[in-house]
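Report on the following structure.
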Amino acid sequence: MSLPRIIKKYPNRRLYDTERSRYITLADIRQLVIDSIDFKVVDKQSQADITTTILLQVITEQENAASPILSREFLTGVIRSQGDTLQGVARQFLEQSMTLFSAQQQELRNLLETAAVGGKEISGLANDNLSRFSNLQKEVFSRFASANDNPDNRKSDRKNG
């Protein structure tokens with residue numbers, strides 16, 4: 001595994017990508033996350049890892065820009081769980097939930113991509129299912145009709161009835 005890309009945060013609040021040798025924005029940080037590029041944000045003066053703080057800033061910027069994904073109830077719940085004796089459990093639960101959600105989201109994307117690219121596969125499957133259903137329906141109706149047309153069945157129905 002390679003070392004994470006180092007982003008330095010200067011006192012003037014600017015972020016500097018040491019690998020690309022250029023200043024970057026929170027939008028660039030967001031793109032690093034989307035592209036699954038491992039990085040670490042370090043305060044230039046104290047050398048402290050401030051990655052989490054910067055990620056929260058990215059989330060805040062995103063939440064203000066469009067329709068928010070985090071509800072007020074969720075955010076207040078997170079705040080209440082901080083410092084609680086079960087904080088570690090809450091963190092683990094949220095991380096596992098997000099991992100599961102991301103995996104399911106990727107599966108759905110793959111399925112939709114297959115459907116879009118191989119539309120014939122999906123429509124073929126639908127046609128096969130329709131054909132099977134129609135054949136089953138015909139078979140049931142024909143058996144029902146033949147049972148009603150058979151004189152022996154009518155006599156036994158009268159005796160039982």
Side-chain angles (χ1 to χ4, degrees), residues 1-140:
M1 183 175 169
S2 64
L3 294 174
R5 181 183 292 189
I6 301 298
I7 310 295
K8 292 183 180 179
K9 183 176 181 226
Y10 285 86
N12 62 3
R13 295 186 281 174
R14 293 189 74 187
L15 299 167
Y16 186 79
D17 184 342
T18 59
E19 185 175 301
R20 299 268 170 106
S21 300
R22 65 181 183 94
Y23 286 102
I24 62 172
T25 64
L26 290 176
D28 296 319
I29 295 286
R30 180 178 181 272
Q31 194 59 50
L32 292 175
V33 172
I34 290 170
D35 294 342
S36 299
I37 296 172
D38 190 23
F39 66 92
K40 179 179 178 180
V41 182
V42 178
D43 182 271
K44 175 73 169 122
Q45 290 180 325
S46 69
Q47 297 301 308
D49 182 350
I50 57 169
T51 307
T52 302
T53 303
I54 298 300
L55 291 173
L56 285 169
Q57 288 177 6
V58 170
I59 290 170
T60 300
E61 191 173 270
Q62 287 298 120
E63 288 292 297
N64 287 328
S67 59
I69 193 170
L70 301 174
S71 69
R72 179 180 178 167
E73 291 77 17
F74 176 81
L75 293 171
T76 55
V78 169
I79 292 168
R80 285 184 188 120
S81 70
Q82 291 175 324
D84 189 285
T85 55
L86 298 176
Q87 179 175 338
V89 174
R91 177 181 35 241
Q92 187 177 14
F93 174 78
L94 290 173
E95 286 173 359
Q96 289 177 353
S97 296
M98 185 51 71
T99 300
L100 178 62
F101 176 76
S102 296
Q104 290 174 337
Q105 194 175 35
Q106 188 58 47
E107 284 180 37
L108 183 59
R109 280 191 189 112
N110 292 342
L111 189 66
L112 291 174
E113 191 174 292
T114 301
V117 172
K120 291 180 183 176
E121 294 173 19
I122 298 296
S123 64
L125 182 61
N127 287 335
D128 287 349
N129 286 340
L130 181 61
S131 176
R132 287 181 185 145
F133 179 73
S134 295
N135 290 339
L136 177 63
Q137 190 176 32
K138 287 176 188 173
E139 186 178 331
V140 167

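What's counted below: heavy atoms across the whole structure, side chains too, no hydrogens, waters or symmetry copies.
The shortest distance between side-chain heavy atoms of Ile59 and Ile69 does not fall below 4.5 Å.
Under the side-chain hydrogen bond (donor to acceptor under 3.5 Å, both in side chains) criterion, the residue pairs touching residues 48-67 are Arg30-Gln62, Asp49-Thr51, with sequence neighbours excluded. Listed by first then second residue, pairs satisfying salt bridge (charged side-chain N to carboxylate O under 4.0 Å, His left out) with a partner in residues 5-21 read Arg5-Asp17, Arg5-Glu19, not counting sequence neighbours. Within the structure, the ring-ring contact (aromatic ring centres under 6.0 Å, His included) test picks out the following pairs touching residues 6-45 (sequence neighbours left out): Tyr16-Tyr23. Every pair tested for side-chain hydrogen bond (donor to acceptor under 3.5 Å, both in side chains) that includes a residue from residues 68-97 fails, sequence neighbours excluded, so the list is empty.
Other residues, nucleotides and ligands contribute over 12 non-hydrogen atoms within 6.0 Å of the CD1 atom of Ile34.
Remark: Gln105 pairs with Phe101, Arg109 by the side chain to side chain contact (heavy atoms under 4.5 Å, CB included) rule, at least two apart or across chains. Under the ring pair (Phe, Tyr, Trp, His ring centres under 6.0 Å) criterion, Phe93 pairs with no residue, sequence neighbours left out.
Distance check: Thr25 OG1 to Asp28 CG gives 3.5 Å after rounding to the nearest 0.5 Å. Here the straight-line distance linking atom CD1 of Ile7 with atom CD1 of Ile24 works out to 3.5 Å at 0.5 Å rounding. Atom CG of residue Leu70 and atom CG of residue Leu75 lie 5.0 Å apart, to the nearest 0.5 angstrom. Taken from CG in Leu55 to CD1 in Ile29, the straight-line distance is 7.5 Å, to the nearest 0.5 Å.
Residue Thr18 comes nearest to Ile6 through the heavy atom pair OG1-O, 2.7 Å, listed as atom of the first residue, atom of the second, then distance.
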